[in-house]
Undergrad: 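Here you go, one structure.
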2 protein chains.
Amino acid sequence: MTRASSSPALAQTDQRLPLHARVKDDLIRRVRANEWGSTTPLPPESALAEEYGISVGTLRRVLAELAAEGLLERHQGRGTYVRRATFQHSLFRFFRMHGGTGQTPGSRILARNTQDAPAEVAKALNVEESSPVLHLHRLRLWDDTPFLVEDIWLPLPQFQPIANIALDELGSLLYPEYESRIGLIIGSATEELSVTQAPGEQAALLNCQAGDPLVRINRIARTHTGDVAEYRESYGLASSFRYQVEIN
Amino acid sequence: MTRASSSPALAQTDQRLPLHARVKDDLIRRVRANEWGSTTPLPPESALAEEYGISVGTLRRVLAELAAEGLLERHQGRGTYVRRATFQHSLFRFFRMHGGTGQTPGSRILARNTQDAPAEVAKALNVEESSPVLHLHRLRLWDDTPFLVEDIWLPLPQFQPIANIALDELGSLLYPEYESRIGLIIGSATEELSVTQAPGEQAALLNCQAGDPLVRINRIARTHTGDVAEYRESYGLASSFRYQVEIN
DNA sequence: AACAACTAAACCTTTATAGGACTAGACCTA
DNA sequence: TAGGTCTAGTCCTATAAAGGTTTAGTTGTT
């Protein structure tokens, strides 16, 4: 029950906290530091407990909490794994398309260029103003019907590979492309919803009147370590947006 | 480790489930049945464990899960309590008023009458169409500046006391009134956000142009037992609405 | 090559125990 | 009356142990 002698891994953590909290903090740190990919399991309970110099029961409590919070995934008989971000709760899910079931999603990149980061983009990406960024202008569709206009900004030179490849090689989903071409995994994001009125350009693309209300979603996407990797502004028809939340 | 003999309270639960899951289900049922108000504590761990015929460790696991899910609140040295709904996550929180800090919230009831429930309201309240309901038309303000127009429907005769009392006796918050005058506690709610354009009436009240985009929030509020107690439609200026969500 | 049986490794369930920390109220003292 | 001290009651931390279930792979048989 003494807190004097403990594993070196816990040296960095707050000594006033109970053991399980300190172990939890350290495990979060190690997950963020990408110590285990999402395909290699964490060491088994017994090994981790021994490593930290704590009992298996205490370690199990920590792992159960982290699983409940969605950071880890546990499978009886198989092991404990880092959970990939699922984006189950993205606001984008709430654009309800009229069509319904049998439709397929797609995307079309309308423009790709290198820019000096405008103030707003620089602030979101956490880079110097006017530093070079890659800009994508993109349309997202259901069965060739556009429902979302997107502007996406990526810091350079980090994302240079995305600037170089042929446009038709870019898949309809960008995050797998970041992962395969740059080895960068998006771990979390912040989205902000607001309502605007359609300027002429967006109105034409979305097939509505200039001035019609649009929902704007700004997303700042980050890696597991917390570094900002992408900033995007997406516009969709407000009339097809419906967001539900349970409160208590 | 046998599952044959167990507390009578568990007889109703699924015998194939592990003990902790069955106890959890039963505790949820008892909380919903209002067995403990939010001021009287649940029985202590030791008593509950004995009642269910399980060990304290297993019971603690269940209580910890329920606390993590927000159904219970635990206080070392004091006891375990049913948690009152906080509505921390209500969409209303995201109407950002320009003013800022030192302002005070208020509300003004513009109209109160008894109606035959319109189809939409009847469906939301889960009552027969054209059955009698109480309707409130209300303005919510910051420092006398209106920012939200609300229509509220309540089932009769249940809410008759609210129909009878003088309007100036109704406080600025309704849920405490339901609680003190009817003994009805709101336990959860579902909110749905959509965007509309202001009709003339709302525009005048909110001090904007007809046709300006409005955020509409429909809320269905329920008691702990799941019965619908209130339906409301609220309209606010879209330009002052900003909603943030963390995703992973 | 296909299938079944076995086995090791991993997580899961349940109980038990010893001691610690926090809270509210009772009691005592000034 | 005001303020401290004590104490019973309650939840919290940490460990230990015995047995169960699930998975993936290995081995053996046909």
Side-chain angles (χ1 to χ4, degrees), chain A residues 1-7 9-10 13-27 36 38-69 71-83, chain B residues 1-7 9-10 13-27 36 38-69 71-83:
Chain A
M1 211 70 57
T2 171
R3 284 181 186 172
S5 77
S6 59
S7 124
L10 295 184
T13 60
D14 190 335
Q15 303 223 347
R16 296 164 302 179
L17 262 38
L19 253 187
H20 64 84
R22 299 174 63 191
V23 171
K24 187 173 176 180
D25 287 349
D26 192 60
L27 275 175
W36 308 284
S38 54
T39 56
T40 58
L42 272 64
E45 296 174 342
S46 50
L48 268 182
E50 189 174 4
E51 180 185 339
Y52 281 112
I54 64 176
S55 76
V56 176
T58 301
L59 185 79
R60 273 186 59 75
R61 168 177 176 172
V62 173
L63 293 180
E65 282 174 15
L66 292 175
E69 292 168 18
L71 195 64
L72 298 180
E73 229 175 334
R74 313 199 73 193
H75 303 282
Q76 186 172 0
R78 283 205 284 137
T80 302
Y81 296 80
V82 174
R83 218 189 70 176
Chain B
M1 212 70 59
T2 172
R3 283 183 187 169
S5 78
S6 58
S7 127
L10 294 185
T13 60
D14 190 334
Q15 305 222 347
R16 297 165 301 181
L17 261 38
L19 255 186
H20 65 83
R22 300 173 62 192
V23 171
K24 186 173 176 180
D25 287 349
D26 191 60
L27 275 175
W36 308 283
S38 54
T39 57
T40 57
L42 271 64
E45 295 174 343
S46 50
L48 268 183
E50 190 174 3
E51 181 184 339
Y52 281 112
I54 63 176
S55 76
V56 176
T58 301
L59 184 80
R60 273 188 59 75
R61 169 175 175 171
V62 173
L63 293 179
E65 282 175 16
L66 291 175
E69 292 168 18
L71 194 64
L72 299 180
E73 229 175 332
R74 311 200 75 195
H75 302 281
Q76 186 172 0
R78 282 204 285 137
T80 303
Y81 295 80
V82 174
R83 216 188 75 176

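Just so it is clear, the model here is predicted, and its values are computed rather than measured. Note on naming: letters A, B, ... go to the chains in the order of the sequence lines (proteins, then strands), and numbering restarts at 1 for each one.
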Undergrad: Side chain to side chain donor-acceptor pair (under 3.5 Å) with Gln76(A): which residues, sequence neighbours excluded?
TA: none
Undergrad: Taking atom C1' of dA10(C) as reference, at what distance in whole Å does atom CG of Leu63(A) sit?
TA: 12 Å
Undergrad: Can you give one letter per nucleotide of nucleotides 3-9 of chain C, 5' to 3': B if a protein heavy atom sits under 4.0 Å from the base, S if only from the sugar-phosphate, - if neither?
TA: -------
Undergrad: Bend across the helix from dA1(C)-dT30(D) to dA30(C)-dT1(D), to 10°, with axes taken over 5 pairs at each end?
TA: 10°
Undergrad: At less than 4.0 Å, is any side-chain N or O atom of Thr80(B) found next to OP1 or OP2 of dC11(D)? Yes or no.
TA: yes
Undergrad: Please tell me which of the listed nucleotides, dT15(D), dC12(C), dT15(C), lies nearest to the side chain of Glu45(A)?
TA: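 When the side chain of Glu45(A) is considered, dC12(C) is the closest of dT15(D), dC12(C), dT15(C).
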Undergrad: Out of dT13(C), dA16(C), dA14(D), which nucleotide sits closest to the side chain of Ser55(B)?
TA: dA16(C)
Undergrad: Quick one: Tyr52(B) OH to dT14(C) C1', roughly how many Å, whole number?
TA: 17 Å
Undergrad: With heavy atoms under 4.0 Å as the rule, sort Ile54(B) into base, sugar-phosphate or nothing.
TA: sugar-phosphate
Undergrad: Give the rounded distance in Å between these two atoms: CG of Leu72(B) and P of dC12(D).
TA: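 Taking atom P of dC12(D) as the reference, CG of Leu72(B) is at 11 Å.
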Undergrad: Would you mind reporting whether Arg22(A) and Gln15(A) have side-chain heavy atoms less than 4.5 Å apart?
TA: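 In contact.
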Undergrad: Does Gln76(A) contact dT23(D) through a side-chain donor or acceptor facing the base, at a distance under 3.5 Å?
TA: no
Undergrad: Which part of the nucleic acid does Arg60(B) contact within heavy-atom distance under 4.0 Å: base, sugar-phosphate only, or nothing?
TA: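 Result for Arg60(B) = base.
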Undergrad: Expressed in angstrom and rounded to an integer, what is the separation of Arg74(B) atom CZ from dT10(D) atom C1'?
TA: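 Those two atoms, CZ and C1', are 9 Å apart.
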Undergrad: Sequence neighbours excluded, which residues qualify as salt bridge (Lys or Arg N to Asp or Glu O under 4.0 Å) partners of Glu50(B)?
TA: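 Checked Glu50(B) against salt bridge (Lys or Arg N to Asp or Glu O under 4.0 Å); zero matches.
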Undergrad: Nearest whole Å is fine: how far is dT10(D) P from Glu50(B) CD?
TA: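 Rounded to the whole Å, the gap is 13 Å.
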Undergrad: dT23(D) P sits how many Å from Glu73(A) CD, rounded?
TA: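 Answer to the nearest Å: 14 Å.
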Undergrad: Answer whether the closest heavy-atom distance between the side chains of Leu72(A) and Trp36(A) falls below 4.5 Å.
TA: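 The answer is no; the side chains never approach within 4.5 Å.
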Undergrad: Compare the minimum distances between each of dC12(D), dA14(D), dT15(C) and the side chain of Leu19(A), then state the nucleotide with the smallest one.
TA: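 Given the options dC12(D), dA14(D), dT15(C), the side chain of Leu19(A) is closest to dA14(D).
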Undergrad: Starting at atom CZ of Arg16(B), determine the distance to atom C1' of dG20(D), rounded to an integer number of angstrom.
TA: 18 Å
Undergrad: For Leu42(B) and for Leu59(A), find the nucleotide of DNA chain D with the closest heavy atom, then tell me which residue's nucleotide is more 5'.
TA: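 Going by which nucleotide is closer to the 5' end, it is Leu42(B).
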Undergrad: What is the separation between atom CZ on Arg22(A) and atom P on dA14(D), rounded to the nearest whole Å?
TA: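 From Arg22(A) CZ to dA14(D) P: 10 Å.
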Undergrad: Going by the rule side chain to side chain contact (heavy atoms under 4.5 Å, CB included), which residues pair with Ala21(A) if we only count those two or more places apart in sequence or in a different chain?
TA: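 For Ala21(A) the side chain to side chain contact (heavy atoms under 4.5 Å, CB included) partners, ignoring immediate neighbours, are Leu17(A), Pro18(A).
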Undergrad: Please state whether the phosphate of dT14(C), meaning OP1 or OP2, lies under 4.0 angstrom from any side-chain nitrogen or oxygen of Thr58(B).
TA: no
Undergrad: Quick check for you: among dT13(D), dC11(C), dT15(D), whose closest atom lies nearest to any side-chain atom of Pro18(A)?
TA: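 Side chain of Pro18(A) sits closest to dT13(D).
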Undergrad: Taking only residues two or more places apart in sequence or in another chain, which ones pass side chain to side chain contact (heavy atoms under 4.5 Å, CB included) with Ala47(A)?
TA: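 Ala47(A): side chain to side chain contact (heavy atoms under 4.5 Å, CB included) contacts with Pro43(A), Pro44(A).
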Undergrad: Evaluate the criterion side chain to side chain contact (heavy atoms under 4.5 Å, CB included) for residue pair Tyr52(A) and Thr58(A); output intermediate values, then yes/no.
TA: CA-CA 10 Å; Tyr52(A) 281 112; Thr58(A) 301; over 6 Å; no
Undergrad: Check side chain to side chain donor-acceptor pair (under 3.5 Å) between Ser38(A) and all other residues, then give those that pass, not counting sequence neighbours.
TA: Arg84(A)
Undergrad: What residues, two or more places apart in sequence or in another chain, satisfy side chain to side chain contact (heavy atoms under 4.5 Å, CB included) together with Ala64(B)?
TA: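 Residues passing side chain to side chain contact (heavy atoms under 4.5 Å, CB included) with Ala64(B): none at all.
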Undergrad: Taking the nucleotide of DNA chain D with the nearest heavy atom to each, does His20(A) or Arg78(A) sit closer to the 5' end?
TA: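 The residue closer to the strand's 5' end, by nearest nucleotide, is His20(A).
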Undergrad: Within the 4.0 Å heavy-atom criterion, would you say Ser46(A) contacts the bases, only the backbone, or no part of the nucleic acid?
TA: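 Since no nucleic acid heavy atom lies under 4.0 Å of Ser46(A), the category is nothing.
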Undergrad: Excluding sequence neighbours, so at least two apart, what forms side chain to side chain contact (heavy atoms under 4.5 Å, CB included) with Arg83(B)?
TA: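 Glu73(B), Thr86(B).
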